[in-house]
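Given the structure is predicted, the values throughout are model-derived calculations rather than measurements. Every chain is numbered from 1, with letters handed out A, B, ... down the list of sequences.
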Number of protein chains: 2
Amino acid sequence: MIGDRIRELREGENILLRQLAAQLDMDTALLSKMERGDRQFRKEEILELAKIFHQNEQELLTLWLADKILKATEGEAYIPEALKLALNTYQQSL
Amino acid sequence: MIGDRIRELREGENILLRQLAAQLDMDTALLSKMERGDRQFRKEEILELAKIFHQNEQELLTLWLADKILKATEGEAYIPEALKLALNTYQQSL
DNA sequence: CTATTTTAGTCAAAATTTGTCAAGTCAATA
DNA sequence: TATTGACTTGACAAATTTTGACTAAAATAG
């Protein structure tokens with residue numbers, strides 16, 4: 001999800017994995033895994049990517065966080081119920 | 001959240017922490033932390049608790065999973081946006 | 001006050017996540 | 001067909017996080 005978006009942005013600017021990896025100061029193999037969703041980005045990397053691609057931070061951070069949420073719940077039962085409950089609970093607590 | 005519910009159920013039946021801990025075969029201090037939300041329950045414990053208190057598994061598992069979600073997102077920005085996005089994405093994927 | 005229950009702090013073991021490296025696939029092309 | 005470049009994959013060690021046990025302090029009940 002966030003990985004797909006980053007890949008889309010990267011390919012849109014004809015940047016190679018290894019070039020983007022260099023900009024982020026990370027191993028190419030790791031960035032490959034991150035774009036493919038095998039590994040998660042760290043938040044600082046998302047912020048850096050927002051700068052590199054001139055994207056809205058909110059858009060990318062939201063995608064990134066949604067990924068984290070789906071990963072935290074994967075394989076479980078009652079995911080939509082729990083998501084709705086979490087949303088209500090969170091909004092209560094504001 | 002799930003901890004509060006378990007405490008409520010336990011106190012409703014006048015069971016001591018140490019007694020419930022014994023039924024779950026765990027340390028009393030650990031169960032105390034779990035009820036207070038310092039530590040997370042494991043899924044098997046939730047299932048066992050549903051039996052002990054004759055509660056619907058879905059209700060307790062949903063509370064438990066919502067806790068996990070809130071924990072995975074705590075301290076982040078754009079939580080409601082990400083929750084909504086996760087919900088849509090999840091429902092798409094069915 | 002005393003006894004019991006609950007909570008807090010600390011620590012090592014266990015589990016999970018992370019980064020690196022080497023080897024691998026695939027497509028283009030000489 | 002052999003080579004090259006881009007990307008992917010799997011295995012492993014290092015780093016980080018989570019967990020459970022233990023001890024003792026704090027709170028509560030009698």
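- B:Leu20 has its CG atom 14 Å from the C1' atom of C:dT6, to the nearest Å.
- The main-chain N or O of A:Thr28 is never found under 3.5 Å from a side-chain atom of A:Ser32 such that the two would form a donor-acceptor pair.
- In the hydrophobic clustering of this structure, B:Ile6 does not group with B:Leu16; members are Ile, Leu, Val, Met, Phe, Trp, Tyr whose side-chain heavy atoms approach within less than 4.5 Å, directly or through other members.
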Sequence neighbours excluded and cut-off under 3.5 Å, please list the side-chain donor-acceptor pairs for residues 68-78 of chain B, or say none.
residue: B:Lys71; atom: NZ; partner: B:Gln40; partner atom: OE1; Å: 3.4
residue: B:Thr73; atom: OG1; partner: B:Ile69; partner atom: O; Å: 3.3
residue: B:Thr73; atom: OG1; partner: B:Leu70; partner atom: O; Å: 3.2
residue: B:Glu76; atom: OE1; partner: A:Lys43; partner atom: NZ; Å: 3.0

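- If you measure from atom CG of B:Leu31 to atom C1' of C:dT6, you get 11 Å, rounded to the nearest angstrom.
- Pairs passing the side-chain hydrogen bond (donor to acceptor under 3.5 Å, both in side chains) check and including a residue from residues 3-15 of chain A, sequence neighbours excluded, read A:Arg5-A:Glu8, A:Arg5-A:Gln55, A:Arg5-A:Glu59, A:Arg7-A:Glu35, A:Arg10-A:Glu35.
- In this structure, A:Trp64 contributes its side chain and A:Phe41 its backbone to a donor-acceptor pair below 3.5 Å.
- Residues A:Leu87 and B:Leu87 have side chains not in contact (no heavy-atom distance under 4.5 Å, counting atoms from C-beta outward).
- Atom CG of residue B:Leu20 and atom CD of residue B:Glu45 lie 10.0 Å apart, to the nearest 0.5 angstrom.
- Not one side-chain nitrogen or oxygen of B:Arg10 sits closer than 4.0 Å to the OP1 or OP2 atom of C:dT5.
- Taking the 5' to 3' direction, DNA chain D first and last meets chain B under 4.0 angstrom from a heavy atom at D:dT18 to D:dC22.
- Note: CG (B:Leu17) to C1' (C:dA8) measures 14 Å, nearest angstrom.
- B:Arg36 has its CZ atom 6 Å from the P atom of C:dT7, to the nearest Å.
- Within residues 62-73 of chain B, no residue approaches DNA chain C, by heavy-atom distance under 4.0 Å.
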Distances under 3.5 Å between protein N/O atoms and the N/O atoms of nucleotides 19-28 of chain C, please, pair by pair.
residue: C:dG19; atom: N7; partner: A:Arg39; partner atom: NH1; Å: 2.8
residue: C:dG19; atom: O6; partner: A:Arg39; partner atom: NH2; Å: 3.1
residue: C:dT20; atom: O4; partner: A:Lys33; partner atom: NZ; Å: 3.1

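- In this structure, OG in B:Ser93 is found 11.0 Å from CG in B:Asn88, a value given to the nearest 0.5 Å.
- The side-chain contact (heavy atoms from CB on, under 4.5 Å) test applied to B:Ala29 returns B:Asp27, not counting sequence neighbours.
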